[in-house]
Amino acid sequence: ITLIASAQKLRIWLETKNRGGKAATIVTGFVGNQEDLKEVGKKMKNFCGTGGSVKDGEIIIQGDQRDKILQWLLKEGYTNSKKAG
């Protein structure tokens, strides 16, 4: 069962380790099924205009997209989201 957007506690942070020096924005904390997570990830990638992937319950977006993603999440009703480092 996927929680409604306002009940999700999503955390956004930047990761540079193990990525060949490239930065990636990671979104974690999504509670729900894999299909819904993939859908959210797809919409995020489209909004940011970059590539990325969804695996192990995390959404990974290429580059430093923290501000853009936070803005998108708040607009989509994920009001419990925040940048965590």
Side-chain angles (χ1 to χ4, degrees):
I1 299 166
T2 301
L3 287 178
I4 56 169
S6 58
Q8 298 275 8
K9 280 195 170 111
L10 300 180
R11 295 293 168 263
I12 307 161
W13 76 84
L14 189 68
E15 190 177 89
T16 51
K17 289 190 214 78
N18 307 327
R19 304 204 180 272
K22 291 190 169 73
T25 307
I26 313 287
V27 182
T28 59
F30 187 86
V31 178
N33 67 34
Q34 195 66 23
E35 291 304 309
D36 293 336
L37 181 63
K38 280 183 180 161
E39 189 59 36
V40 171
K42 189 175 168 190
K43 288 177 181 169
M44 257 183 226
K45 287 188 287 189
N46 284 343
F47 181 76
C48 294
T50 61
S53 65
V54 175
K55 65 177 185 219
D56 304 329
E58 295 180 338
I59 299 171
I60 302 161
I61 306 290
Q62 293 172 355
D64 185 353
Q65 306 285 348
R66 290 173 295 183
D67 294 330
K68 255 187 176 177
I69 288 174
L70 184 61
Q71 174 194 342
W72 183 84
L73 285 170
L74 294 175
K75 189 182 77 159
E76 294 290 317
Y78 292 89
T79 48
N80 253 335
S81 305
K82 61 181 164 199
K83 289 196 276 187

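Reckoned from all heavy atoms, side chains included, excluding hydrogens, waters and symmetry mates.
Between the CD atom of E76 and the CG atom of L73 there is a distance of 8.0 Å, given to the nearest 0.5 Å. To the nearest 0.5 Å, atom CD1 of residue I69 and atom NZ of residue K45 are 11.5 Å apart. Atom NZ of K42 is separated from atom OG of S53 by 15.0 Å, given to the nearest 0.5 angstrom. Here the CD atom belonging to Q71 is positioned 11.0 Å from the CD atom belonging to Q65, to the nearest 0.5 angstrom.
The closest side-chain heavy-atom distance from T2 to V31 is not below 4.5 Å. Between V27 and M44, some side-chain heavy-atom pair lies under the 4.5 Å cut-off. The shortest side-chain heavy-atom distance between W13 and T28 falls under the 4.5 Å cut-off. Using a 4.5 Å heavy-atom threshold, the side chains of I60 and R19 count as touching. Between L14 and K83, every side-chain heavy-atom pair lies at or beyond the 4.5 Å cut-off. In this structure, T16 and K22 have side chains that are not in contact, with every pair of non-hydrogen atoms separated by 4.5 Å or more. Within the 4.5 Å cutoff, side-chain heavy atoms of I12 are placed close to those of T25. Within the 4.5 Å cutoff, no side-chain heavy atoms of N80 are placed close to those of S6.
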inquiry  = Assess the residue pair K68 and I61 against the criterion (side-chain contact (heavy atoms from CB on, under 4.5 Å)); give the C-alpha distance rounded to whole Å, side-chain angles, the decisive distance to 0.1 Å, and a yes or no.
reply    = CA-CA 11 Å; K68 255 187 176 177; I61 306 290; over 6 Å; no
inquiry  = Please evaluate residues I26 and I59 with respect to the criterion side-chain contact (heavy atoms from CB on, under 4.5 Å), reporting the C-alpha separation (whole Å), side-chain torsions for both, the decisive distance (0.1 Å), and the verdict.
reply    = CA-CA 6 Å; I26 313 287; I59 299 171; over 6 Å; no
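There is no path of hydrophobic side-chain contacts, each under 4.5 Å, that joins F30 to L3.
Annotation for R11 and A84: closest pair CD-CB, 3.9 Å, computed over non-hydrogen atoms. Contact between G29 and L10 at its shortest, heavy atoms only, is C-CD2, 3.6 Å. G41 approaches V54 most closely through the heavy-atom pair CA-CG2, 4.1 Å.
Without hydrogens or angle criteria, N33 side chain to E35 main chain gives a donor-acceptor distance under 3.5 Å.
Looking at R66 and D64, a side-chain N of the basic residue comes within less than 4.0 Å of a carboxylate O on the acidic one, giving a salt bridge.
Classification of the W72-Y78 ring pair by plane angle, with boundaries at 30° and 60°, yields parallel.
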